[in-house]
There are 2 protein chains.
Amino acid sequence: MARKTGSHSEITGPRIQDAALKLFARHGYAAVSMRQIAAEVGVQAGALYNYVPHKQALLFELMRGHMVALLDAADAALEPAARPDAALEGFVRFHIGYHLGRVDLVFISYMELRALEPENFSVIEALRGRYEDRLEAILSDGKDVFDVKDTKLATLALIAMLTGVTNWFRESGRLSPEGVADSYVEMARRMVRSKEVLKPR
Amino acid sequence: MARKTGSHSEITGPRIQDAALKLFARHGYAAVSMRQIAAEVGVQAGALYNYVPHKQALLFELMRGHMVALLDAADAALEPAARPDAALEGFVRFHIGYHLGRVDLVFISYMELRALEPENFSVIEALRGRYEDRLEAILSDGKDVFDVKDTKLATLALIAMLTGVTNWFRESGRLSPEGVADSYVEMARRMVRSKEVLKPR
DNA sequence: CAGCTAACTGAACACTTGTTCAAATCAAAG
DNA sequence: CTTTGATTTGAACAAGTGTTCAGTTAGCTG
């Protein structure tokens with residue numbers, strides 16, 4: 001017995017990615033076997049190798065795809081010419097919105113870095129750096145409006161704060177993604193002490 | 001051949017913990033074998049079972065020990081009667097100082113939660129909750145001094161921001177732990193818009 | 001120096017791991 | 001209806017997994 005009824009390359013390929021994403025996020029890369037992924041897809045382990053050269057590539061492509069899509073989405077969503085305060089708000093809303101819609105990808109992209117072989121690790125790190133640069137640029141472009149001593153430090157603090165949302169947010173919780181974003185916009189503004197926030201006082 | 005020269009229970013026990021901590025932090029729980037841990041200690045795999053009932057207990061005890069020590073240290077370091085602003089500053093400095101001295105433990109305590117069996121997971125989650133309550137109490141005790149709409153949200157945002165330091169901090173970097181703490185105290189104060197910060201303006 | 005026991009070895013257990021590949025099967029084309 | 005080619009199976013590979021345990025040894029006690 002071989003070839004299942006109604007099997008197609010265009011179907012199986014993405015399903016492998018989906019299954020791997022789900023299982024890696026739930027149990028971790030090292031704890032998931034190729035056989036488990038295959039079972040989730042409804043196929044034997046050997047069939048995976050028509051689509052993926054090896055397990056490591058499965059993880060790497062998941063992470064690389066995520067980072068590239070994130071950068072593209074950021075380019076599309078953020079307005080380069082925006083005033084500093086609006087740019088910061090835009091970034092916060094984009095970051096939270098985008099990340100809350102892809103918690104599994106975000107999770108493995110932060111958690112499984114150490115499972116990457118050195119060359120792959122470097123690629124992901126570089127992409128992450130490029131994303132962080134977007135926020136750093138906003139902060140340094142607005143250095144007349146904002147009040148931050150250490151731009152790099154503020155960038156890292158903000159990113160950590162924002163990404164932390166994916167760890168506790170639940171669709172069924174009391175807050176909507178928009179509600180969360182509202183609060184985080186406020187906190188982010190305060191952190192950089194945006195003049196626009198202080199004015200109304 | 002058995003029993004190595006100069007071997008002692010009081011020596012080997014802690015060395016196993018140290019080796020497990022180091023390897024779990026570096027490669028992840030699932031990716032590290034009992035034989036690797038044994039090799040790091042300089043012993044055969046079987047010898048580990050004189051000290052640990054099974055691999056899972058090794059991880060669990062590492063995490064539980066960390067959380068218990070963290071709570072104890074917090075109790076010792078934080079002054080319950082402090083004014084809100086001083087209490088917040090005290091918490092930030094304590095959190096950063098304590099965590100920067102134990103990056104490996106912090107790392108696995110956040111990363112390997114999913115590797116814990118359900119009952120063990122609950123224990124760690126409860127301990128973590130008790131720690132977060134310390135900060136939440138500070139924020140709600142100071143609700144006249146601070147300006148926070150959602151105390152729980154601010155707690156989670158602050159903890160994420162503070163713990164994030166362990167991900168990028170390097171002993172050899174340009175900033176000292178104290179310098180980092182200074183900046184984070186400032187950012188934390190701004191986030192809750194402590195009146196004491198606004199006064200000098 | 002003999003005897004004792006805590007401490008450790010080394011081999012074995014039954015599985016699981018990632019990966020390969022000849023053979024089998026199915027869908028579509030001629 | 002046959003041929004072709006993509007798709008999948010199922011078995012096999014060598015290596016590694018956590019854990020157990022009879023047997024060996026080092027160092028202390030008397």
Side-chain angles (χ1 to χ4, degrees), chain A residues 1-21 23-24 26-63 108 112 114-120, chain B residues 1-21 23-24 26-63 108 112 114-120:
Chain A
M1 325 127 207
R3 185 157 197 185
K4 287 256 202 98
T5 20
S7 61
H8 263 311
S9 180
E10 302 91 66
I11 304 282
T12 309
R15 287 194 56 193
I16 292 174
Q17 299 248 42
D18 290 352
L21 171 59
L23 292 171
F24 287 167
R26 186 122 57 209
H27 308 292
Y29 173 75
V32 173
S33 72
M34 295 300 266
R35 272 168 254 257
Q36 285 174 56
I37 297 170
E40 180 82 18
V41 176
V43 110
Q44 292 297 317
L48 301 183
Y49 291 86
N50 289 327
Y51 302 91
V52 187
H54 41 251
K55 194 186 176 190
Q56 169 81 195
L58 203 42
L59 175 65
F60 177 61
E61 281 309 318
L62 241 25
M63 292 173 79
I108 69 160
E112 302 296 353
R114 61 188 167 182
L116 290 176
E117 285 155 14
E119 316 96 276
N120 293 341
Chain B
M1 328 125 207
R3 187 159 196 184
K4 288 260 204 95
T5 19
S7 61
H8 263 310
S9 181
E10 301 91 66
I11 304 282
T12 309
R15 289 193 55 193
I16 292 173
Q17 299 248 41
D18 290 352
L21 171 58
L23 292 171
F24 287 167
R26 185 121 57 210
H27 308 292
Y29 173 75
V32 172
S33 72
M34 293 301 265
R35 272 169 254 259
Q36 285 175 57
I37 297 170
E40 180 81 19
V41 176
V43 112
Q44 292 298 317
L48 301 183
Y49 291 86
N50 290 327
Y51 303 90
V52 187
H54 42 250
K55 193 186 177 190
Q56 169 81 193
L58 203 43
L59 175 65
F60 177 61
E61 281 309 318
L62 240 26
M63 292 172 80
I108 70 160
E112 301 297 352
R114 62 188 168 182
L116 290 176
E117 286 156 13
E119 317 98 274
N120 294 341

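Order of the sequence lines sets the chain letters (A, B, ...), proteins ahead of strands, with each chain counted from 1. Just so it is clear, the structure is predicted and the values come from calculations on it, not from any experiment.
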Checklist entry - What does nucleotides 12-18 of chain D look like as a protein-contact string, B for base, S for sugar-phosphate only, - for none, at under 4.0 angstrom between heavy atoms? => result B----BB
Checklist entry - Okay, side chain of A/Y29, backbone of A/R114: is any donor-acceptor separation there less than 3.5 Å? => result no
Item to check | Heavy-atom closest pair, residues B/V41 and B/R15 | outcome: O-NH2, 2.9 Å
Checklist outcome for this item: Whole-Å distance, B/Y51 OH to C/dA6 C1', equals 8 Å
Checklist entry - Between B/G46 and A/G46, which is nearer to the 5' end of DNA chain C once each is assigned its nearest nucleotide? => result B/G46
Item to check | Rounded distance in Å - CD (B/Q44) to C1' (C/dT9) | outcome: 6 Å
Checklist outcome for this item: Between A/I16 and A/I37, the two heavy atoms sitting closest are O-CG2, 4.2 Å
Checklist entry - Looking only at heavy atoms, what is the nearest atom pair of B/L62 and B/Q17, with distance? => result CD1-OE1, 3.1 Å
Next on the checklist: In this structure, how many angstroms lie between the P atom of C/dC8 and the CD1 atom of B/I11, rounded?
Outcome noted: 10 Å
Next on the checklist: Could you tell me how far apart B/L48 (CG) and D/dC21 (C1') are, to the nearest whole angstrom?
Outcome noted: 15 Å
Checklist entry - Backbone N or O of B/A115 within a donor-acceptor pair of the B/Q56 side chain at under 3.5 Å? => result yes
Checklist entry - D/dT7 phosphate, OP1 or OP2: any side-chain N/O from A/T12 under 4.0 angstrom? => result no
Checklist entry - Please give, in whole Å, the distance from C/dT25 P to A/N50 CG? => result 17 Å
Next on the checklist: Looking at every heavy atom in both A/Y49 and A/A45, which two are closest together, and how far apart are they?
Outcome noted: CD1-O, 3.7 Å
Checklist entry - Out of C/dT9, D/dT8, D/dT19, which nucleotide sits closest to the side chain of A/V43? => result D/dT8
